[in-house]
Amino acid sequence: MTERREAPESAHPDPFEAWRQFYEASEQAWTKAMKDLYEANEQTWTKAIKDVTTANWYAEAQGKMLETFLAFQKAMRDGMSTQLSMLNVPTRDDVARLGELIVGLEEKVDQLDERVAGLEEDLARKVDERLASLEKRLARQLDERLGRLEESLTRQAQGAVQRVLGGTLPLGTPAKPKRAPAATTPEMDRQAPAEPAE
Amino acid sequence: MAGSATPRAETVMPPPAGATWTSSDHMLEMMRVVLTAREAPVGQTPKDAVWRKNKSRLYRYQRTTPATRRTPVFLCMPLINRAFVLDLRPGASFVEFLLSEGFDVFLYDWGTWGPEDRNVDVTELVTRYMPRAVRQARHVAGHDLTLLGYCIGGSLSACFAALYPEAPVKNLVLFTAPIDFAQAGDFGIWTAKGAFPIDRIRDVLPTVPGEFIDIGNRMLNPLSTTIGTYIRLWDKIGDPSFDLKGWQAMYRWVNEGTPFPAAAYHQWITEFYQENKLVKGTLQMDGRRVRLSDIRWPLLNVAATADSIAPRPTTAAIVNHVSSADKEELLLEGGHVGVVVGRGARHNLWPRVGEWLARHD
């Protein structure tokens, strides 16, 4: 609520005193009455307004008002544009055109960005595919060559063994190293079984 | 008369708790509340801009903990309002809710269009802006997205979903998105062919001012949205339980409309409202037909029973036109804005959307 302090005394009467007393006594009641009036009638008044604003004739009338406003707006804008051009001052449209060029430039950059991104994706995919294919081929070739190398080494090893043994071993027979005779005593010789024939 | 000076009142604002407010008190406080509403803090959830194109910005909201849900949410906002509506204030923020549910959240803010954007049309927004924004969000998030569109953002999202079924999106959610304009309510009457000078508007205005769109919105409920706003505020002023900051944040959003590029407005009115091409399947964008039947992503369509901006017939059609095997509709009591960001939304819509998103994670 309001705090009151004493006003300085004046020699002249306040011409608005009576009104102010009347206002302070009744303003709450008046405010409430107006508010209640609005709340009681809001729906009715809204319906009445909407009955008008949703009619086709209203829409057409509104459209015509809008056209008139737009014609006025255009005339103002064209007139202003002419005046500014004569003064060599850029108009809003001039600045907007520059802005449009910049936006267009940004669009081109975006398109380039997309193309580069697309190229990167394509390249990455093709590189992956190529690497996978190379891996497969290398693995297959490596296998084949290792196989041939192994075969060749085996044949060479067998040939060498054959030559060492004086050709007594048929080819392909894995060479068994001859055991060196163990050091034995005559007693062990008499007891040990005979070596099996080769 | 000497000696009859009446003590003058010195006003202390606001009046102390429990005090009786006079009409002057109400008036002064109302003026203060309304005039300071334009500086009301909004959109306070921290976010980073991860991509931009022209005036539009793709934001990623910061998380204090790692996301527990796999599928990020991409919010596609309306063209004609400021994007902070889904992040109004702490405690009244759908973005905050999604973050608390463990989602990674992106928001695509179209920005404030200028005269240089007069030739930007809806086709360009759907075929040049949205695909890149979605791709960038996917790249940043590392996972396919849920696309959630609100109002016109929902209509654009539906067009995008129809044109780009191969996009990195796995779910589609629409909040009060108008799709079928055959019975578009008051807006349909006011923008009817022959009555509405849409060609003239496009030729004269580089952008349709936010105030123009706002007048149209207010005419849907002329008294309630004008005088009624202040009468209701009059009643609530001085009530300790009144959420003054919340009122100011919403008041700021309602009164900060953004301009609509002329070409986009022309296409929106002629091809969507007047000719209803989207639902008829005759809408073409970039030489390709936009067919709602090409949408196969799981769909959640949220609609409001008392929506005068997108009346029920406009939002009901989508579920009958998509080819999605998994589609659901949530029809809620309330208006266009109320069901999404009203006081009841945090107990009604948001948990249900959160649950649907979790099921489709």
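Everything quoted here is computed from the prediction, not taken from an experiment. Numbers restart at 1 for each chain; the letters A, B, ... are given by sequence-line order, proteins then strands.
The two residues A/Ala59 and B/Ile189 have their closest heavy-atom pair at CB-O, 3.6 Å. The shortest heavy-atom contact between A/Gly99 and B/Glu116 is C-CB, 3.6 Å.
Of the atoms belonging to A/Arg77, it is side-chain heavy atoms, and not backbone ones, that fall under 4.5 Å from chain B. Contact of A/Tyr58 with chain B is made through the side chain alone, with heavy-atom distances under 4.5 Å. Both the backbone and the side chain of A/Leu70 have a heavy atom closer than 4.5 Å to some heavy atom of chain B. Both the backbone and the side chain of A/Ala71 come within less than 4.5 Å of a heavy atom in chain B. Contacts of B/Ile201 with chain A are made by both backbone and side-chain atoms, with heavy-atom separations under 4.5 Å. Contact of A/Gln62 with chain B is made through the side chain alone, with heavy-atom distances under 4.5 Å.
Using a 4.0 Å cut-off between a side-chain N of Lys or Arg and a carboxylate O of Asp or Glu, B/Arg135 and A/Glu114 qualify as a salt bridge. A/Glu107 and B/Arg132 are joined by a salt bridge, as a carboxylate oxygen and a charged side-chain nitrogen come within less than 4.0 angstrom of each other. Under a 4.0 Å N-O distance rule, the pair A/Lys50/B/Asp186 qualifies as a salt bridge.
No side-chain heavy atom of A/Lys64 sits less than 4.5 Å from a side-chain heavy atom of B/Pro197. Under the 4.5 Å side-chain criterion, counting only non-hydrogen atoms from C-beta, B/Pro222 is in contact with A/Thr46.
Among B/Arg118, B/Lys55, B/Arg200, B/Glu124, the residue making the largest number of heavy-atom pairs under 4.5 Å with chain A is B/Arg200. Each of B/Ser224, B/Gly194, B/Gly114 has some count of heavy-atom pairs under 4.5 Å with chain A, and the biggest count is that of B/Ser224. Interface check for chain B: of the options A/Leu66, A/Val95, A/Asp78, the most heavy-atom pairs under 4.5 Å are formed by A/Leu66.
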Working for salt bridge (charged side-chain N to carboxylate O under 4.0 Å, His left out), residues B/Arg128 and A/Asp110: CA-CA 9 Å; B/Arg128 301 276 183 277; A/Asp110 283 337; over 6 Å; no
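Residue B/Arg218 places its CZ atom among more than 12 non-hydrogen atoms of other residues, nucleotides or ligands, all under 6.0 Å distant.
In summary, the side chains of A/Glu106 and B/Asn54 do not present any donor paired with an acceptor at a separation below 3.5 Å, with no hydrogens or angles considered.
In this structure, the side chain of B/Trp190 engages the main chain of A/Thr53 through a donor-acceptor pair within 3.5 Å.
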